[in-house]
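For reference, the structure discussed in these notes is given below.
Here is the naming used below: chain letters follow the sequence lines, and residue numbers restart at 1 for every chain.
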Amino acid sequence: MRYWLFKSEPDDYSISDLQLAGEQGTCWFGIRNYQARNFLRDELQVGDLVLFYHSSCKQPAIVGTAVVTKTAYPDPSATDPQSPYFDAKSTEAQPRWFSVDIQWQSTFYQPVTLSFMKQHPPLAQMYLIQKGSRLSLQPVTAEEWNIINKLGVNG
DNA sequence: GCCAACGTTGGC
DNA sequence: GCCAACGTTGGC
């Protein structure tokens with residue numbers, strides 16, 4: 001079992017939206033970066049745990065957790081001409097992009113903000129806070145997950 | 001809105 | 001295969 005961090009712009013899809021999706025969970029579509037795609041397609045397993053991060057917003061922060069409920073399958077938005085994520089080079093026969101399903105697990109009592117993480121030495125190695133880091137799906141260590149989950153749950 | 005950092009594209 | 005131009009991400 002492994003740990004990951006997913007970014008989402010809350011204006012597009014927030015932790016509340018994920019919670020509202022309920023037990024069905026939601027299809028995580030629209031990943032259009034090859035490195036993130038490879039993690040998604042090759043490494044994410046059912047039961048893997050996810051830190052849910054709000055990006056491009058007033059207070060960037062990890063706001064809750066989720067769990068992977070379905071491994072990779074072709075991203076439906078890639079072959080949907082109506083979707084902003086449509087990619088003509090991705091076909092049903094040879095999909096280029098993939099999705100997984102995730103399900104809401106918790107919303108933090110206290111969001112763990114980016115600025116806090118930058119100032120917290122035990123989290124100094126996090127990929128998220130490295131200079132120039134932009135990956136929208138990235139691995140997290142068990143230690144990082146434990147620290148952040150504790151902070152978020154307990155405030 | 002600015003801009004640094006990074007990824008992708010395409011001509012050569 | 002190089003690299004300039006362009007597009008995107010995302011904090012500030």
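Applying the salt bridge (Lys or Arg N to Asp or Glu O under 4.0 Å) test to pairs two or more places apart or on separate chains, those with a residue in residues 94-117 of chain A are D87(A)-R96(A). Listed by first and then second residue, the side-chain hydrogen bond (donor to acceptor under 3.5 Å, both in side chains) pairs involving residues 37-48 of chain A are R2(A)-E43(A), W4(A)-D48(A), N38(A)-R41(A) (not counting sequence neighbours).
Partners of S56(A) under the side chain to side chain contact (heavy atoms under 4.5 Å, CB included) rule, at least two apart in sequence or in another chain, are E9(A). W104(A) is linked by a side chain to side chain donor-acceptor pair (under 3.5 Å) to T107(A), counting only residues two or more places apart in sequence or in another chain. With sequence neighbours excluded, no residue satisfies side chain to side chain donor-acceptor pair (under 3.5 Å) with Q138(A). For Q125(A), the side chain to side chain contact (heavy atoms under 4.5 Å, CB included) partners two or more places apart in sequence, or in a different chain, are E144(A). Considering only residues two or more places apart in sequence or on other chains, T69(A) meets the side chain to side chain donor-acceptor pair (under 3.5 Å) condition with none of them.
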With a 3.5 Å cut-off and sequence neighbours excluded, list the donor-acceptor pairs that the side chains of residues 14-28 of chain A form with protein atoms.
from   : atom 1 : to     : atom 2 : distance (Å)
S14(A) : OG     : S16(A) : N      : 3.2
S14(A) : OG     : D17(A) : N      : 3.3
S14(A) : OG     : D17(A) : OD2    : 3.3
D17(A) : OD2    : S14(A) : N      : 2.9

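Remark: T79(A) OG1 to W97(A) CH2 distance equals 13.5 Å, nearest 0.5 Å.
In the region residues 55-62 of chain A, proximity to DNA chain C at under 4.0 angstrom, judged on heavy atoms, holds for S55(A), S56(A), P60(A). Within residues 114-123 of chain A, the residues having any heavy atom closer than 4.0 Å to DNA chain C are, in order of number, L114(A), K118(A).
F86(A) belongs to no hydrophobic cluster, as no Ile, Leu, Val, Met, Phe, Trp or Tyr side chain comes under 4.5 Å of its own.
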**Asked** How would nucleotides 5-11 of chain B be written as a contact map, 5' to 3', with B for base contact, S for sugar-phosphate-only contact and - for no contact, using protein heavy atoms under 4.0 Å?
**Response** BBSS---

